[in-house]
Amino acid sequence: MGMVGFYAGSFDPFTNGHLQIVKKAAKCFDKVIVGIGHNPEKKERIDRTKMKIAIENVLKYENLKNVEVVIYQGLTVDKAKECSADILIRGLRNGTDYEYEENISEVNEEIANMDTCYFRAGDLGYLSSSIVMELYNNNAKIDKYVPKAVAELLNSLR
Ligand code: ADP
């Protein structure tokens, strides 16, 4: 039995920053599950079923054979356990991310006995889904910031 990591997020949309974290995680774990969750604090911008298909196309293009995508509702730890994941994965861009993530991670450890593994954003740490949407909504090019299949999806919705 290998190690399975569960990378949860809104991925609304999935950016090159998210892809970089997936690539790092796919090298470390036997299997990585990208979980598109529903954060009631954030309004869904792009249809999650469409985003799932776009992410699957990115994974195919990048030849990431040990990564799959699921959509879920409710608690991340519940879905992660259902998927037989051993550990949660998150990306860290800066100190603000760290403070935010640590609170969630501590609760997840407490309620489900699941630890979290952080990967560094590095040079893509400036990138966020909201910056991409800001550009997109103002008709600026987004192709540099998201994988090709995601850019195609977004551009098809214009
Ligand atoms: P959430 O709503 O759960 O914060 P996001 O889709 O915004 O979902 O982010 C999912 C995860 O990816 C978070 O751990 C976040 O810190 C991380 N992340 C977001 N953007 C980047 C980036 N540019 N580089 C690395 N990690 C990132």
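Numbering of ligands and ligand atoms starts at 1, following listing order. Residue numbers count from 1 along this sequence.
- At distances below 3.5 Å, at least one donor-acceptor pair connects side-chain atoms of Asn66 with backbone N or O atoms of Ala26.
- With Val69 as reference, Leu59 is the one residue of Val58, Leu59, Val32 to meet the side-chain contact (heavy atoms from CB on, under 4.5 Å) rule.
- Counting atoms of ligand 1 from 1 in the listed order, those under 4.0 Å from a heavy atom of Leu127 are 20 (N), 21 (C), 22 (C), 23 (N).
- Listed for the Glu44 side chain is no donor-acceptor partner under 3.5 Å among the backbone atoms of His38.
- Remark: ligand 1 and His18 share an N or O pair separated by less than 3.5 Å (distance only, no angle test).
- In this comparison of Glu41, Arg90, Gln20, the heavy atom closest to atom 3 (O) of ligand 1 sits on Arg90.
- With ring centers used as reference points, Phe6 lies under 6.0 Å from Tyr72.
- For Ser10, a nitrogen or oxygen atom sits less than 3.5 Å from a nitrogen or oxygen atom of ligand 1, counting backbone and side chain alike.
- Not a single heavy atom of Tyr118 lies less than 4.0 angstrom from ligand 1.
- The closest protein non-hydrogen atom to atom 25 (C) of ligand 1 is Ala121 CB, 3.3 Å.
- For the atom pair NZ (Lys52) and CG (Asn57), the distance works out to 11.0 Å, reported to the nearest 0.5 Å.
- Each of the following atoms of ligand 1 lies closer than 4.0 Å to a heavy atom of Lys42: 1 (P), 2 (O), 4 (O), 7 (O).
- Near Phe11, meaning under 4.0 Å from one of its heavy atoms, ligand 1 places the atoms 6 (O).
- For Glu109, the CD atom counts as densely surrounded, since its 6.0 Å shell holds more than 12 non-hydrogen atoms of other residues, nucleotides or ligands.
- Interatomic distance, Asp12 CG to His18 NE2, rounded to the nearest 0.5 Å: 9.5 Å.
- Residue, atom and distance of the protein heavy atom nearest to atom 20 (N) of ligand 1 are Arg93 NH1, 3.2 Å.
- Residue Glu101 has at least one heavy-atom neighbour below 4.0 Å for each of these atoms of ligand 1: 13 (C), 14 (O), 16 (O).
- Under the 4.5 Å side-chain contact rule for hydrophobic residues, Ile71 and Ile33 do not share a cluster.
- Below 4.0 Å from some heavy atom of Gly17 lie the following atoms of ligand 1, by number and element: 22 (C), 23 (N), 24 (N), 25 (C).
- With a heavy-atom cut-off of 4.0 Å, Ile21 touches ligand 1 through its side chain alone.
- For Asp97, the closest heavy-atom approach to ligand 1 falls below 4.0 Å.
- With a heavy-atom cut-off of 4.0 Å, Tyr7 touches ligand 1 through its side chain alone.
- Between Gly91 and ligand 1, at least one pair of N/O atoms sits closer than 3.5 Å.
- Using 4.0 Å as the threshold, Arg120 has no heavy atom nearer than that to any atom of ligand 1.
- Taken to the nearest 0.5 Å, the CG atom of Leu124 stands 7.5 Å off from the OG1 atom of Thr15.
- One hydrophobic cluster holds both Val150 and Leu157 under the rule that ILVMFWY side chains link at heavy-atom gaps under 4.5 Å.
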